[in-house]
Amino acid sequence: MRSYLLVISVLCLTASCSNELSKVHQRLVLVDTHNDLLTSQTMDGKDVSQRLTTGHSDIPRLKEGGVDVQFFSVWTGEKARNKEGFFSDAMEQIDSLEFIAIRNVDKMKLTSGYSDVKKILRQKKLVGLIGVEGGHMIEEDLQKLETLYNRGMSYLTLTHNNSVSWASSARDETERAETLSQKGLNDFGREVVKRLNERGIMIDLSHVGEKTFYDVLEITTKPVILSHSSVYAISPHFRNVTDDQIKAVAKNNGVICVNFYSSFLNAEFNEAYEKLKGPEGKTIKDSVQGLYADRKDKVKYWEEYVAGILERYRPSYTSIADHIDYIVKLVGVNYVGVGADLDGVDSLPVGFDDATDYPLITGELMKRGYSIADIKKIMGKNVLRVLKANTQ
Ligand SMILES: [Zn+2]
């Protein structure tokens with residue numbers, strides 16, 4: 001919040017100017033397509049009904065930041081949390097999201113379709129939607145997809161970093177293609193796409209490999225989203241999208257929602273991060289850890305060392321607007337949105353500490369000369385258009 005006030009005072013020194021920003025920000029419908037608080041806060045036993053001192057978001061901070069519509073990510077990793085498996089993990093997270101909604105009945109409501117979203121917005125409540133992140137959670141079973149749909153799934157991210165038997169991921173296509181038995185969609189993958197289209201569940205192409213990406217665009221009858229990906233030309237990370245991919249999404253009338261992770265926003269940060277993870281980092285790690293006998297001290301010192309190095313490369317929050325600008329210049333203003341990935345990333349850009357800093361983005365777009373109508377599209381209307389096209 002402090003940085004929000006700071007930027008307003010830098011942007012404009014008059015009270016009327018800061019009033020203008022808060023008026024614009026409050027009036028627009030802010031839709032964020034990706035938030036991991038279910039995994040990072042709720043599964044950790046934290047009560048997101050309260051304002052927390054950890055992580056990037058909770059119900060009070062989402063409200064304070066002016067978030068009107070939040071897609072909550074239902075996610076489990078390559079190794080399931082429950083012994084019953086991935087699908088059971090997804091059910092558990094949806095249960096917990098429902099409990100959160102019940103506990104905050106005066107502040108938020110869960111839904112799945114476009115018309116209901118509009119209704120809840122009129123009640124001035126936070127609209128909660130479910131995004132299931134990773135096709136592994138349907139366990140190769142269309143009946144399980146149906147169950148997730150009946151429980152409110154609004155989008156399915158076809159893969160996470162791990163490929164599924166029916167769709168290959170961006171990580172696997174780029175970093176370990178030799179492990180893949182097939183690339184792109186297979187017959188079952190095409191069945192999944194068809195069923196998602198029929199049910200009006202948005203197809204999320206963040207995390208999928210290029211082959212899967214183009215295979216989907218060839219057959220989908222509805223516009224797609226990328227719930228949390230940024231621009232490859234600015235930061236060449238396999239999770240970001242190339243110019244050709246951006247053009248293909250625009251042609252499909254879909255939307256790319258910019259991710260706020262420092263690695264996806266900034267190439268230098270990403271390079272430093274990769275170095276620390278690689279062999280060079282291992283050598284440094286061994287030498288700095290040699291200074292400590294206790295294991296706990298070793299871990300703590302290494303974490304502090306890494307944080308210190310990365311801090312030097314952390315981009316400014318204005319880099320979020322650089323990615324938005326890039327997409328707008330390439331294909332126009334109708335195909336970009338925001339999917340910050342709050343509580344799913346270990347580094348956010350300088351100035352953007354948590355959900356309460358969302359007004360900074362509106363302020364930066366105003367500063368760059370975007371019209372109010374265009375800012376409204378970027379901050380939410382474009383995603384709502386895609387949701388409407390899928391669910392109506
Ligand atoms: Zn993700």
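Worth knowing before you read on, the calculation uses all heavy atoms, side chains too, and leaves out hydrogens, waters and symmetry mates. Just so you know, ligand 1 is whichever comes first in the structure, and atom 1 is the first atom listed for that ligand. Since this is a predicted model, take the numbers as computed values, not measurements.
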What N/O/S atom of H207 gets nearest to the Zn ion (ligand 1)?
NE2
Is the distance from the ring center of F260 to that of Y317 below 6.0 Å?
no
Confirm or rule out an N/O/S atom of H160, from backbone or side chain, lying less than 2.8 Å from the Zn ion (ligand 1).
no
For K388, does the NZ atom have more than 12 heavy-atom neighbours from other residues, nucleotides or ligands under 6.0 Å away?
no
Counting backbone and side-chain atoms alike, does H228 have an N/O/S atom under 2.8 Å from the Zn ion (ligand 1)?
yes
May I ask whether V336 and V67 are part of the same hydrophobic cluster, defined by side-chain heavy atoms of I, L, V, M, F, W, Y residues being less than 4.5 angstrom apart, directly or through others?
yes
Check whether Y292 forms a cation-pi arrangement with K298 (NZ or CZ under 6.0 Å from the six-membered ring centre, at most 45° off the ring normal).
no
Measure from the Zn ion (ligand 1) to each N, O or S atom of E133 and report whether any distance is below 2.8 Å.
yes
